[in-house]
Amino acid sequence: MFKGQFTYSIDSKSRISIPAKLRKHISSDASDTIVMTKGLSSCIDLYPLDEWQKIEEKLLKLNQFQPDDLRFIRMFVQHAHEDVMDAQSRILLPQMLIEYANIEKDVLIIGALRKIEVWNPKIYDDYLKQSPLSYEEIASKVMTD
């Protein structure tokens, strides 16, 4: 499971390095392949290939004749992009995803259990400040049995 946060920079060729503390949790089943797509909150979601394949299995169970299911499949998969980490553990972020996440120079890389999120640090800070509930209030709501 991915956890922690790391501040890195995007290079001039639109590449970011996957931090070693996150990289060690990428299964060999992923073959160093990362699938990236639009996240739900102005970020880029990165999935190791084996985790992405689990998502595809769920998507295949959706009813493609149901308009909401089909719309979600299209919106989620149309921006998916696959890349293999290079020898320096870098991946190339597509320009469309960089623009979607408003990535400039610095990136905040966050471990989010089964995926990795890439954020513009200022947008992530604003996202956290927008919550009407405190950390404690959210925890009491979501961590109940």
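Heavy atoms only: backbone and side chains are in, while hydrogens, waters and symmetry mates are out. Throughout, residue positions are numbered sequentially from 1 according to the sequence presented.
- Residues passing the side-chain hydrogen bond (donor to acceptor under 3.5 Å, both in side chains) test with Ser14: none are found, sequence neighbours excluded.
- Under the 4.5 Å side-chain heavy-atom criterion for ILVMFWY residues, a single connected hydrophobic cluster contains both Ile98 and Met96.
- Residues Gly111 and Leu22 come closest through the heavy atom pair CA-CD2, 4.1 Å.
- Within a 6.0 Å radius of CE in Met75, no more than 12 heavy atoms belonging to other residues, nucleotides or ligands are found.
- Here the straight-line distance linking atom CG of Leu92 with atom CD of Glu82 works out to 13.0 Å at 0.5 Å rounding.
- Taking the side chain as every heavy atom from C-beta outward, Val35 and His81 never approach each other to under 4.5 Å.
- Put simply, the side chain of Gln66 gets close to the backbone of Asp68: a donor and an acceptor are under 3.5 Å apart.
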Inset, instruction - Applying side chain to side chain contact (heavy atoms under 4.5 Å, CB included), run through Ile18 and Leu46 and close with a yes or a no. - result: CA-CA 10 Å; Ile18 303 298; Leu46 309 179; 3.9 Å; yes

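- The minimum heavy-atom distance linking Asn120 with Asn102 is given by the pair ND2-O, 2.6 Å.
- With sequence neighbours excluded, the residues that form a side-chain hydrogen bond (donor to acceptor under 3.5 Å, both in side chains) with Ser89 are Arg23.
- In this structure, Leu40 places its CG atom where only 12 or fewer heavy-atom neighbours from other residues, nucleotides or ligands lie under 6.0 Å away.
- In this structure, the side chains of Pro19 and Tyr8 come closer than 4.5 Å at one or more pairs of heavy atoms.
- Counting heavy atoms from C-beta on, the side chains of Thr33 and Pro48 never come closer than 4.5 Å.
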Inset, instruction - Test Leu59 against Val77 for side chain to side chain contact (heavy atoms under 4.5 Å, CB included), laying out the working first. - result: CA-CA 9 Å; Leu59 293 174; Val77 177; 3.7 Å; yes

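- Under a hydrophobic-cluster definition in which Ile, Leu, Val, Met, Phe, Trp and Tyr are linked whenever side-chain heavy atoms come within less than 4.5 Å, directly or via other members, Ile91 and Phe2 are assigned to the same cluster.
- The OG atom of Ser42 sits 6.0 Å away from atom CD1 of Ile123, with the distance rounded to the nearest 0.5 Å.
- Contact record, Glu104 with Ile10: O-CG2, 3.1 Å, taken as the closest heavy-atom pair.
- Side-chain contact check for Val118 versus Ile16: some heavy-atom pair is nearer than 4.5 Å.
- Remark: Asp50 does not engage Lys54 in a salt bridge, criterion side-chain N to carboxylate O under 4.0 Å.
- The side-chain heavy atoms of Glu51 and Ile55, taken from C-beta on, include no pair separated by under 4.5 Å.
- By the 4.5 Å heavy-atom criterion applied to side chains, Met85 and Ile26 are counted as neighbours.
- The side-chain contact (heavy atoms from CB on, under 4.5 Å) test with Ile44 is passed by exactly one of Val107, Leu93, Thr37: Leu93.
- Both Leu62 and Trp52 are part of a single hydrophobic cluster, where members link through side-chain heavy atoms under 4.5 Å apart.
- Residues Gln53 and Glu57 have side chains that never bring a donor and an acceptor to within less than 3.5 angstrom of each other.
- The pair Glu117-Lys115 meets the salt-bridge criterion, with a side-chain N (NZ, NE, NH1 or NH2) lying under 4.0 Å from an Asp/Glu carboxylate O.
- Crowding of Glu56 atom CD: a count of heavy atoms from other residues, nucleotides or ligands under 6.0 Å exceeding 12.
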Inset, instruction - Test side chain to side chain contact (heavy atoms under 4.5 Å, CB included) on Lys3 and Ile110 and set out the steps. - result: CA-CA 7 Å; Lys3 54 189 164 287; Ile110 298 174; over 6 Å; no

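- Rounded to the nearest 0.5 Å, atoms CG (Asp83) and CZ (Arg15) are 10.0 Å apart.
- Distance check: Asp11 CG to Gln88 CD gives 10.5 Å after rounding to the nearest 0.5 Å.
- Between Tyr47 and Met36 there is no side-chain heavy-atom pair separated by less than 4.5 Å.
- Side-chain N or O atoms of Ser140 include one that pairs as donor or acceptor with a backbone N or O of Glu137 at under 3.5 Å.
- Using a 4.5 Å heavy-atom cutoff, the side chains of Met1 and Arg114 are in contact.
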Inset, instruction - Apply ring pair (Phe, Tyr, Trp, His ring centres under 6.0 Å) to Tyr100 and Trp119, showing your working. - result: CA-CA 10 Å; Tyr100 168 75; Trp119 289 81; 9.5 Å; no

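- Criterion: ILVMFWY side-chain heavy atoms under 4.5 Å apart, direct or through other members. Under it, Leu70 and Phe76 are not part of a common hydrophobic cluster.
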Inset, instruction - Go through the steps to decide whether Cys43 and Asp45 satisfy the test side chain to side chain contact (heavy atoms under 4.5 Å, CB included), and finish with yes or no. - result: CA-CA 6 Å; Cys43 66; Asp45 286 347; 3.7 Å; yes

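- Connection of Ile103 to Ile34 is established within a shared hydrophobic cluster, with ILVMFWY side chains joined at heavy-atom distances below 4.5 Å, either directly or through further cluster members.
- Of the possible polar contacts, one joining the Asp69 side chain to the Asn63 backbone as a donor-acceptor pair under 3.5 Å is found.
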